[in-house]
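Everything below concerns the one structure shown next.
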Amino acid sequence: MSIYDTLNPMQQEAVLQTEGPVLILAGAGSGKTRVLTHRTAYLIEECGVNPYHIMAITFTNKAAGEMRERVDDLVGFGAESVWVSTFHSTCVRILRRYIDRLGYDNRFTIYDSDDQKTLMKDICKRMNIDTKLHRERSFLSAISRAKDELVSPEEFALNVGMDFAKRKQAEVYQEYQKMLFRNNALDFDDLIMKTVELFRADPEVLDNYQERFRYLMVDEYQDTNTAQFQLIKTLAGKYRNLCVVGDDDQSIYKFRGANIYNILNFEEEFPDARVIKLEQNYRSTQNILNAANSVIANNVGRKPKALWTDNDEGDKVDFQQFDTGYDEADYVTAEIGRRVQEGECSYGDCAILYRTNAQSRLFEERFVLSGIPYKVVGGVNFYARREIKDLLCYLKTIDNGRDDLAVRRIINVPKRGIGAATLAKVQQYANDEEMSFYNALKLAADIPGLGRAAAKIKPFVDFIQVMRSKVPYLSLPQLLKDILETTDYLEEFRNETEEEVLARRENIDELISKAASYEEKSRGEGREPSLSGFLEEVALVADIDGLETGSDYVVLMTLHSAKGLEFPQVYLAGLEDGIFPSYMTICSDDPMEIEEERRLCYVGITRAMERLTITSARMRMIRGETQYNKVSRFVREIPAELFGRTSQKKEKEQPALQKRVDEAYRQAQNAFKKKPLMQTGAELYARAAANAGSGASKESGPGYEVGDRVRHLKFGEGTVTNIVSGGKDFEVTVDFDTYGVKKMFAVFAKLKKC
DNA sequence: GAAGGCGGTCTTTTT
DNA sequence: GACCGCCTTC
């Protein structure tokens, strides 16, 4: 019996069809990753294809990593030569080698959205554009859309016609591109577009890669934009062995330029394409799948398909409507706590999915209060935090003095007494002499009108030069520590509270350990680690990449981030008209927009394996305003018989208790407010676990007994009234002086005896 | 040149 | 509610 016998007939067909163009329409949970990995194995083991000639492209590093792992497991020998990578890292690798043929320096830097915004702000200022009238972000999104469609600044300018706004955009686009070039930087969209440009400009390079990638596979094909489509079409142009896998019902990235016609018109583009449909779902129960099918059936523009499953009927879908978002969060927290307590599932089985990142906050607060370990995916990116960006800009400056943005960011961090007036003069000089900002700094003594400021610049330039000379001899962690010490970086935060500084320090430590593990990983793969390599890796990480499989915490994330994942217990929160579907799509005159929201809902429902809980609130605070919303139309599209114990009423607690609970929440919220850098649950968890020696380990007990007085970070002092040993931890009941009785787990509560 | 206060705007969603 | 940019004050 071979590994291919475990596949169903359609999956087998997809695996065996190795030659020519293939479109696999893979419904949610139909085992598409399995097909892709088995197909790779088949190519190598049965068709004798050299693994070196196989390429699999995904969208996220996480997906690529998983695919890599599964291919490694399946294919004994040579699996490491298969190119498994994301669109963006693939392009970076190609461009690092050949972008000099387009006139760029091969050591280009990659701008994230933060950098883009800074650059755009600069440009608008210089071009005298009133950003109250034309927002930076509107320019950036126009440019991004143009790049998604492979429209160059010149072409854009040709097509503006009489449209004044567009003409302005064209000018800005041109200037923006010029500045990127001068800073030797590429933005995310450039990575794809420049690679296509390179292939068009240089047949020799193209041929080189066409020869290498004789067998191409593309995952999540419905999310590709025009540029990405051109890229793979060009790459597959010679051997035409292109296999794409996707599901038009899960296309949710139109706003990012995804072109649904890439999948809908695949057969027109490749008339000889084999089309294979995978319609058996292995993930969800009947009830969950039925709910998903009945929602998506309301969409008009879709390829007909019928997803079915052999799985049990399973539990009914649980739908609950509450008065407020607080009640909603309460319910979900209590449910998860109860189910875990009763051994029905673990924290790691549960996911809370919502439409907007802001919705995570209420859940986070509740989880912190009840000591449930959790992790938020997305929101404020680790690499977007101030201290991390600063340090990365130091590294960038040391690595590549041509990135003006990076230099300008750190020249006065920590404070060196160099202000806006000085910067403007240096910039003027740099512009006049057509040199980089950093090179102008080096010549500060010659810049007219700088006066005493030149003396303040010199130590900075000297410092960077010294660091550059040290790079070959220092490891990345050593380099970072050197920067921290020499610049006395933490001095920058002297006015912050101890707690804030601690949080920043922890982030910095994390960056240092990430640098260390990068070096380790590179050496493991036989590559010499480098400063540029590290910066590059850091630039391309997505939020979802940080999610480890097999960790025991509840995950909170947006529906968008959840695509491609699955969880036994899924909570879909905030199902209200105005939230999901969002207000903007309800009001839009384009009916396709609501269809995209519906697909998002479909994605959400189909993440669930065993249990699905849908919640909504009548009243919710949004951007400081209270809004009243109806139950989402998507909920109403699910037939009533699929719902179980639906409740539209809230069970009132005793008024006195309720009041006390409210007060506790208010105070807890204030505590949050004071600490903008509040850690994620996982970080709290890690910290708590680190302290567990003094807190709780199963053998030694929690370190306090019933009757002891203890102190809690938020609740202050109280008396321990009960300790129950449960599972890996102790559940402690404490009667707090001001907050009343609370139950909490010892590992998380970090109670100190006093 | 730095720090603190005030008022306006905003968010879907992200590689 | 949170962030950003602008303004005032030291």
Side-chain angles (χ1 to χ4, degrees), chain A residues 57-64 85-92 110-114 116-118 121 124-125 131-132 135-138 140-141 144 147-148 187-192 220 223-225 227-228 251-258 353-359 361-362 377-381 383-384 386 412-423 452-453 456 492 494-495 539-545 557-564 574 578-588 593 596-597 599-601 603-604 620-626 669-670 672-673 676:
Chain A
I57 296 199
T58 62
F59 274 85
T60 65
N61 292 303
K62 183 176 157 62
S85 179
T86 65
F87 271 104
H88 291 88
S89 2
T90 297
C91 289
V92 170
I110 301 163
Y111 275 5
D112 63 22
S113 41
D114 236 44
Q116 288 179 287
K117 214 178 147 200
T118 312
K121 230 181 266 174
C124 288
K125 206 184 251 169
T131 50
K132 292 249 152 57
R135 314 229 129 260
E136 289 103 331
R137 42 178 303 121
S138 78
L140 283 171
S141 74
S144 177
K147 289 183 177 178
D148 288 341
D187 64 20
F188 282 130
D189 304 312
D190 277 340
L191 295 176
I192 316 286
E220 306 281 11
D223 291 332
T224 51
N225 60 33
Q228 287 159 337
S251 158
I252 55 173
Y253 281 110
K254 184 156 171 255
F255 73 94
R256 204 170 68 186
L353 310 180
Y354 36 77
R355 181 67 239 267
T356 65
N357 279 307
Q359 286 168 263
R361 237 195 63 239
L362 291 181
V377 176
V380 187
N381 189 323
Y383 291 101
R386 190 168 143 208
N412 202 31
V413 179
K415 306 264 182 298
R416 298 187 175 91
I418 303 169
T422 307
L423 292 187
R452 272 177 304 159
K456 293 178 179 161
E492 179 71 9
R494 62 192 173 283
N495 290 332
L540 294 177
V541 290
D543 293 323
I544 197 74
D545 297 340
M557 66 184 128
T558 61
L559 288 148
H560 281 89
S561 301
K563 191 164 62 96
I579 304 275
F580 186 33
S582 78
Y583 191 67
M584 295 180 74
T585 54
I586 294 177
C587 298
S588 163
E593 290 205 12
E596 174 132 330
E597 294 279 293
R599 288 194 290 272
L600 193 54
C601 183
V603 167
R620 188 185 289 278
M621 262 294 236
I622 296 154
R623 273 185 270 143
E625 264 177 280
T626 305
Q669 257 177 297
N670 285 338
F672 264 84
K673 235 184 277 172

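A note on names: the letters A, B, ... follow the listed sequences, proteins ahead of strands, and every chain is numbered from 1.
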Respond yes when some side-chain nitrogen or oxygen of [X] is under 4.0 Å from OP1 or OP2 of [N], and no when none is.
X	N	value
Asn412(A)	dA2(B)	yes
Asn357(A)	dT13(B)	yes
Arg137(A)	dT11(B)	yes

Do the rings of Tyr253(A) and His560(A) sit parallel, tilted or perpendicular, given the 30° and 60° boundaries?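 Correct class here is tilted.
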Gap between atoms [atom1] and [atom2], on [X] and [N] respectively (whole Å):
X	N	atom1	atom2	result
Tyr111(A)	dT14(B)	OH	C1'	20 Å
Gln228(A)	dT14(B)	CD	P	16 Å
Ile57(A)	dT15(B)	CD1	P	17 Å
Phe188(A)	dT13(B)	CZ	C1'	16 Å
Phe580(A)	dT11(B)	CZ	C1'	16 Å
Leu191(A)	dT15(B)	CG	C1'	9 Å
Asp189(A)	dT14(B)	CG	P	16 Å
Glu136(A)	dC4(C)	CD	C1'	10 Å

Any carboxylate oxygen within less than 4.0 angstrom of a Lys/Arg side-chain nitrogen, looking at Lys563(A) and Glu220(A)?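 So Lys563(A) pairs with Glu220(A) through a salt bridge.
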Salt-bridge present (Lys147(A), Asp187(A); N to O < 4.0 Å):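 So Lys147(A) pairs with Asp187(A) through a salt bridge.
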Taking atom P in both dT13(B) and dC4(C), compute the distance separating them and give it to the nearest angstrom.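 Going atom to atom, P in each nucleotide, I get 15 Å.
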Candidates Ile192(A), Asp223(A), Thr58(A) - the one meeting side-chain contact (heavy atoms from CB on, under 4.5 Å) with Phe87(A):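 Filter result, single survivor: Ile192(A).
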Taking any heavy-atom pair under 4.0 Å as a contact, classify [X]: base, sugar-phosphate, or nothing.
X	answer
Arg135(A)	sugar-phosphate
Thr356(A)	sugar-phosphate
Phe59(A)	sugar-phosphate
Asp223(A)	nothing
Lys121(A)	sugar-phosphate

Polar contact flag, side-chain donor to acceptor under 3.5 angstrom, Ser113(A)-Gln116(A):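 Result is no, nothing qualifies.
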Side chains of Asn357(A) and Thr558(A) only: does a donor on one sit below 3.5 Å from an acceptor on the other?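 Absent: no donor and acceptor within the cut-off.
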Kindly say whether, by distance alone, the side chain of His88(A) makes a donor-acceptor pair under 3.5 Å with the base of dT15(B)?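 Checked by distance alone, the answer is yes.
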For Tyr253(A) and dT13(B), are the ring centres under 5.5 Å apart with planes inclined under 30°?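 A stacking contact does not exist, since Tyr253(A) is not both close and nearly parallel to the base ring of dT13(B).
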With nearest nucleotides of DNA chain B determined for Thr422(A) and Thr585(A) from heavy-atom distances, which residue corresponds to the more 5′ nucleotide?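 Going by which nucleotide is closer to the 5' end, it is Thr422(A).
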Position toward the 5' end of DNA chain B (nearest nucleotide), Arg416(A) or Thr558(A):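 Closer to the 5' end of DNA chain B: Arg416(A).
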Identify which nucleotide among dT14(B), dG1(C), dA2(B) has an atom closest to any side-chain atom of Ser561(A), counting heavy atoms from C-beta outward.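 The answer is dT14(B), which lies nearest to the side chain.
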